[in-house]
Amino acid sequence: METHPFDQLLLAPDDIDLSRSPLAGQLGVETYVLGAFNPGLTRLPGGNLLMMVRVAEALREPIHDGHVHAIRWEDGHYVLDAWPLEHADTADPRKFMLLGGGWKIMALTSLSWLLPVELSPDGTRRVAIHYDKAIAPQNSLQCYGVEDARISKVGERWLMTTCSVSPERHSTTLYTSDDGLAWVFADIVLDHQNKDMLIFEGLIGGQYWAQTRPLGDLYFAYPPGSAWRAGPSINLATSPDALHWKPHAKPGIRPHAGTVATARMGGGAPPILTDEGWLTLWHGVEPKEIVGIYRTYWSLLDRDDPTVVLRSGEGPLLEADPDLLRPIEHQIYLRDVVFTTGIVAGDDGFIVASGEGDLACRITHIPRAAFGLKP
């Protein structure tokens with residue numbers, strides 16, 4: 001496994017004080033932090049970094065009295081829903097599937113909210129945890145939680161995409177900020193099952209650009225001998241205002257037919273502009289058991305036409321590191337997962353934020369040479 005100048009966990013479940021959670025005192029049952037992970041990353045005006053951490057707050061005993069339970073936001077407070085156990089598949093600790101619907105119907109054993117965690121300018125130590133600035137569900141389209149923030153600074157404004165989860169839709173929502181710390185809900189921006197939305201950190205031709213990743217259960221086959229594999233891929237969209245998005249006609253980054261390591265893919269960190277083009281970090285998933293093996297890869301896109309891939313790394317940039325999780329081995333429920341969600345420029349390269357094992361926040365320093373960029 002490749003080594004990096006700095007590669008450590010900066011936040012783990014036991015670092016979260018649930019007495020300051022948005023859910024505190026409302027459910028009447030015990031909860032715990034299933035994971036504090038998948039952090040958006042940005043630099044604040046004073047120079048410090050900010051991680052926007054997904055806190056998955058889960059029921060300690062989701063199954064009791066012959067039912068499996070889910071947490072749901074409703075009209076400003078939180079409630080528990082009970083489903084008969086014989087109607088549910090509980091094989092995955094993060095969720096349960098309801099049987100007999102004719103299509104996949106899912107509910108969660110946790111509810112996610114977002115917690116701002118301030119770091120030193122180099123990202124090597126925590127400075128403050130801003131519980132007073134936490135972001136929690138505030139309307140019905142978020143009733144099962146707010147997940148996986150990605151932060152981009154475009155001009156003097158910060159933009160944060162999140163995944164909002166509800167029975168109404170599994171959508172992308174947008175928050176905005178004037179300082180990177182206090183956030184305001186803007187609106188829903190992408191509809192059902194279009195997630196992993198990453199806004200480029202700068203305009204291209206006067207337009208906002210974003211990577212998106214629509215999901216579905218059906219994909220059409222590429223012809224025999226094609227270089228591409230059918231399945232989830234990274235698409236592109238443009239907008240005049242970051243609220244109203246139009247899908248781009250040309251494809252973005254697609255899975256290659258020659259490997260199963262990226263059979264499923266999606267965006268990771270928002271594309272950041274370098275001297276040679278847009279650097280984009282994305283995840284590839286190799287099929288294995290229920291979840292698969294998640295790794296981080298990179299590509300460099302043309303600065304004027306991001307449908308053009310200039311070059312990509314030959315192998316993974318980051319892989320899951322069991323040694324990092326060894327001190328919290330007792331809390332592990334998934335292995336082989338690293339999910340990169342943020343990047344900022346550092347003094348000698350880039351500071352990259354990832355979720356490790358859907359459990360903790362990992363910060364990695366990666367030199368420019370790793371991407372073939374000049375110092």
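If you read the sequence from its start, that first residue is 1, and numbering goes on from there.
- The pair D196-R150 meets the salt-bridge criterion, with a side-chain N (NZ, NE, NH1 or NH2) lying under 4.0 Å from an Asp/Glu carboxylate O.
- Inter-residue side-chain proximity for L236 and T212 is flagged as unmet; no heavy-atom pair is nearer than 4.5 Å.
- For W245 against A242, the heavy-atom pair with the smallest separation is NE1-O, 2.9 Å.
- Contact of the L301 side chain with the V308 side chain is not registered, since no non-hydrogen atoms from C-beta on lie closer than 4.5 Å.
- Contact check for I129 versus L115: side-chain heavy atoms found under the 4.5 Å cut-off.
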Quiz: residues 337-349 side-chain donor-acceptor pairs under 3.5 angstrom, not counting sequence neighbours:
{"unit_1": "T340", "atom_1": "OG1", "unit_2": "T296", "atom_2": "OG1", "d": "2.7"}
{"unit_1": "T340", "atom_1": "OG1", "unit_2": "S354", "atom_2": "OG", "d": "2.8"}
{"unit_1": "T341", "atom_1": "OG1", "unit_2": "P39", "atom_2": "O", "d": "2.7"}

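- Under the 4.5 Å side-chain criterion, counting only non-hydrogen atoms from C-beta, W209 is not in contact with I199.
- Under 4.0 Å is where a charged nitrogen must lie from a carboxylate oxygen, and between D132 and R20 no such pair does.
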- Query: Hey, mind stepping through L119 and N48 against side-chain contact (heavy atoms from CB on, under 4.5 Å) and telling me if it holds?
  - Reply: CA-CA 6 Å; L119 307 179; N48 281 351; over 6 Å; no
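- Looking only at distances, a side-chain donor or acceptor of S177 sits under 3.5 Å from a matching main-chain atom of A182.
- Salt-bridge annotation for D275 and K374: absent, with no side-chain N of the basic residue lying under 4.0 Å from a carboxylate O of the acidic one.
- Considering every non-hydrogen atom in both F96 and L108, the closest pair reads CE2-O, 4.1 Å.
- The shortest non-hydrogen separation linking W158 to P45 is CH2-CG, 3.7 Å.
- Residue E61 places its CD atom among 12 or fewer non-hydrogen atoms of other residues, nucleotides or ligands, all under 6.0 Å distant.
- In the hydrophobic clustering, F220 connects to no other residue, as no ILVMFWY side-chain heavy atoms lie under 4.5 Å from its own.
- Under a 3.5 Å cut-off, the side chain of D323 and the backbone N or O of R326 do not form any donor-acceptor pair.
- Side chain to side chain, E57 and S112 fail the donor-acceptor criterion of an N or O pair below 3.5 Å.
- Using a 4.5 Å cut-off on side-chain heavy atoms (C-beta onward), P13 and L359 make contact.
- Of all non-hydrogen atoms in A186 and T176, the two that sit nearest each other are CB-CG2, 4.2 Å.
- Both L317 and V352 belong to a single network of hydrophobic side chains, linked directly or stepwise wherever heavy atoms of I, L, V, M, F, W or Y lie under 4.5 Å apart.
- For E329, the CD atom is densely surrounded, since the number of other residues' heavy atoms within 6.0 Å is greater than 12.
- Rounding to the nearest 0.5 Å places CG of L334 at 9.5 Å from CD1 of I332.
- At distances below 3.5 Å, at least one donor-acceptor pair connects side-chain atoms of D89 with backbone N or O atoms of A91.
- Remark: the backbone N or O of L85 is not paired with any side-chain donor or acceptor of H87 at under 3.5 angstrom.
- Residues Y297 and S312 fail the side-chain proximity criterion, which asks for heavy atoms closer than 4.5 Å.
- Under 4.0 Å is where a charged nitrogen must lie from a carboxylate oxygen, and between E118 and R126 no such pair does.
- Ion pairing of R335 with E356 is absent here, as no side-chain N (NZ or NE/NH1/NH2) approaches a carboxylate O to less than 4.0 Å.
- Ion pair R54/E147 flagged as a salt bridge, since at least one NZ, NE, NH1 or NH2 atom sits closer than 4.0 Å to an Asp/Glu carboxylate oxygen.
- Residues L174 and F185 have side chains not in contact (no heavy-atom distance under 4.5 Å, counting atoms from C-beta outward).
- One distance of note links CD1 of I151 with CG of L159; it measures 10.0 Å at 0.5 Å rounding.
- L49 is not listed as a side-chain neighbour of M51, based on a closest heavy-atom distance of 4.5 Å or more.
- Remark: the backbone N or O of I63 is not paired with any side-chain donor or acceptor of H69 at under 3.5 angstrom.
- Between F350 and F371, the ring planes lie perpendicular to each other; the angle is over 60°, past the 30° to 60° tilted range.
- In this structure, the side chain of T262 does not engage the main chain of M265 through any donor-acceptor pair within 3.5 Å.
- Minimum heavy-atom separation, F200 to W278: CD2-CD2, 3.5 Å.
- Aromatic ring centroids of H256 and W228 lie under 6.0 Å apart.
- Using a 4.0 Å cut-off between a side-chain N of Lys or Arg and a carboxylate O of Asp or Glu, R157 and D178 do not qualify as a salt bridge.
- Of the possible donor and acceptor atoms, none in the side chain of H365 sits under 3.5 Å from a partner among the backbone N and O of P5.
- Between the side chains of Q211 and T280, at least one donor-acceptor pair of N or O atoms lies under 3.5 Å.
- R311 and E276 are joined by a salt bridge, as a carboxylate oxygen and a charged side-chain nitrogen come within less than 4.0 angstrom of each other.
- Closest heavy-atom contact between S164 and T173: OG-OG1, 2.6 Å.
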